[in-house]
2 protein chains.
Amino acid sequence: MNDDAHGAAIRVERPAKTLRELALDKVREAIVNGYFRPGDRLVERDLCAQLGVSRTIVREVLRHLESEGLVANLPNKGPIVAQLNHDEAKQIYEIRAALEGMAARLCAEQNNPAIADALDRSLEDIKRSYREKDMAGVLAHTSSFYQTLFSMVDRHVAWGVVNLLTVRINHLRSMTIKTQNRDVQGPAQMARIVDAIRRGDGDGAYQAAMDHVTSASAIAQTVLSGRQPID
Amino acid sequence: MNDDAHGAAIRVERPAKTLRELALDKVREAIVNGYFRPGDRLVERDLCAQLGVSRTIVREVLRHLESEGLVANLPNKGPIVAQLNHDEAKQIYEIRAALEGMAARLCAEQNNPAIADALDRSLEDIKRSYREKDMAGVLAHTSSFYQTLFSMVDRHVAWGVVNLLTVRINHLRSMTIKTQNRDVQGPAQMARIVDAIRRGDGDGAYQAAMDHVTSASAIAQTVLSGRQPID
DNA sequence: TACCATAATATGGCCTACCAAAATCATCCA
DNA sequence: TGGATGATTTTGGTAGGCCATATTATGGTA
């Protein structure tokens, strides 16, 4: 009798995404992977034309990105792509260290072998991407490693925070992973996290996760100040 | 010669706030202090009338609050005031514990007496507000205690995160501080943080800050499950 | 009376067009 | 040459309209 229960199984998955959400993703993408550079002005009407949507949508999208910290608004001059300074980047890495350390500890305390196994799979993906010089893959699989870390202990709020902060340092991330030796050191540090989790060693997992982010932060600082010509 | 440097001193402080920002603050306020209740629908056209602004503004405001987590958007039904469940509240307290613990540790490691002094002043304000049964004051001064904790070590990004999360549990906060004995226990726990900072005891400050938030979280959980008839 | 089809109504999503104020750029004149 | 003046660009904000969907009356029929 229940139409819902009956139809749910075969119901086609509607796109359901509104135009605004589509536009939001597009612009965020464009900023994150550098199509728009830090400091670039984001002129509303230009964006309208480029996205093929109305000003209403563009304004809402810009507001949203502003609250995400990807866009900054100069009064009476309009929105620009936010510029990340040295110090803010450091703070973001520091927060990630605290939260990822926390998640790692919680994972270790679960004593559930499935967690370490899932993390190991992500880790394998990362190593493979490094071997194949697929840097986009490295980033994606690293994200999914951390997502696993948080979602295995049902910490989606903290994952949301980490994710929000991470997009703001995305260009730094893509530079750090290209650094000399990072293809060996990075995975090794992550393996230490997984080992500690597998041993049920909360403190060890916490420390290992902190160390990993901290070393990424150090590299990022070098990149930011040195500005080595990687392009 | 420099007109800017010259004029800056006497330049009238223009409100500079755009209508949108004003509206944003109003609606956020209205949600935070319960004028709009969790689950209430936020009908765009009604808000236009109540705020006296156009739909464009209202929509931008709703988007912004959505990304802050204060408003949820039901597909094909529109925005409502976000409802905070048990588990999410717990996660928020947990994140605050991690970040406030971090800030407390950093403060302790600065070995700067001015920090402990400033915190002590906030603490006095809190106690006074408790004595005067000024609960709004307790909340405000507690916030400023933590703001000091973060700003003294220049961690405005982390402070932003904590702030963002805190508004979502504001009603819980106002309930926990009214709990029996909280007027004694709360300040005592905060005093332990300040003491540790004054001693330069990083680990102690970290632990004390964690303890304080953790106990607030425990009270909040009780309130949430017990649902004592406060109205 | 019970029930179903249909029509209103309410509302979100999206669009166009317009205006005012500020910033920026170009121009022209003393 | 230096500044006043005017044109252009762009944001901030408004008004109103169109369409699709969801809810709610409404009314007619078995």
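Predicted model, so just to flag it, every value in this text is computed and none were measured. Within every chain, numbering begins at 1; the chains are lettered A, B, ... in the order of the sequence lines, protein sequences first and strands thereafter.
- In terms of the side-chain hydrogen bond (donor to acceptor under 3.5 Å, both in side chains) criterion, A:R41 has no residue partners (sequence neighbours excluded).
- Taking every heavy atom of both residues into account, B:R63 and A:H64 meet most closely at O-ND1, 4.3 Å.
- Across the protein-nucleic acid pair, B:I80 atom CD1 and D:dA22 atom P stand 16 Å apart, rounded to whole Å.
- Using cut-offs of 30° and 60° for the angle between ring planes, the B:Y146 and B:H212 rings count as parallel.
- Here the CE atom belonging to B:M152 is positioned 14.0 Å from the CG atom belonging to B:L106, to the nearest 0.5 angstrom.
- Residues meeting the salt bridge (charged side-chain N to carboxylate O under 4.0 Å, His left out) test with B:K127, sequence neighbours left out: B:E124.
- Remark: nothing in residues 60-74 of chain B comes within less than 4.0 Å of DNA chain D through any heavy atom.
- Under the salt bridge (charged side-chain N to carboxylate O under 4.0 Å, His left out) criterion, A:D117 pairs with A:R198, not counting sequence neighbours.
- The ring pair (Phe, Tyr, Trp, His ring centres under 6.0 Å) search around B:Y93 returns none, not counting sequence neighbours.
- Checked against C:dG13, C:dT24, D:dG13, the side chain of B:E44 finds its nearest nucleotide in C:dG13.
- At a threshold of 4.0 Å, the pair A:D87-A:K90 does not count as salt-bridged, since none of the basic side-chain nitrogens sits closer than that to a carboxylate oxygen.
- Contacts of B:N73 classified as side-chain hydrogen bond (donor to acceptor under 3.5 Å, both in side chains), with partners at least two apart in sequence or in another chain: B:E66.
- A search for side-chain hydrogen bond (donor to acceptor under 3.5 Å, both in side chains) contacts involving B:S122 returns B:S144, not counting sequence neighbours.
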Quick one: which protein N/O atoms are closer than 3.5 Å to N/O atoms of nucleotides 15-19 of chain C? Pair and distance per line, please.
residue : atom : partner : partner atom : Å
C:dC15  : OP2  : A:S54   : N            : 3.0
C:dC15  : OP2  : A:S54   : OG           : 2.6

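- Applying the side-chain hydrogen bond (donor to acceptor under 3.5 Å, both in side chains) criterion to B:N170, with sequence neighbours excluded, gives no partner residue.
- An end-to-end axis angle of 10° holds for the helix from C:dT1-D:dA30 to C:dA30-D:dT1, taken from five base pairs per end and rounded to 10°.
- With sequence neighbours excluded, no residue satisfies salt bridge (charged side-chain N to carboxylate O under 4.0 Å, His left out) with B:R182.
- Contact check of residues 21-31 of chain A against DNA chain C (heavy atom, cut-off under 4.0 Å) returns no residues at all.
- Taken from CG in B:D46 to CD in B:E44, the straight-line distance is 10.0 Å, to the nearest 0.5 Å.
- Nucleotide D:dT8 holds its P atom 21 Å from the NZ atom of A:K77, rounded to whole Å.
- For D:dT21, the OP1/OP2 oxygens have no side-chain nitrogen or oxygen of B:N76 closer than 4.0 Å.
- Distance, A:R41 CZ to D:dT9 C1': 8 Å, rounded to whole Å.
- A:R59 comes within contact range of at least one nucleobase, with a heavy-atom separation under 4.0 Å.
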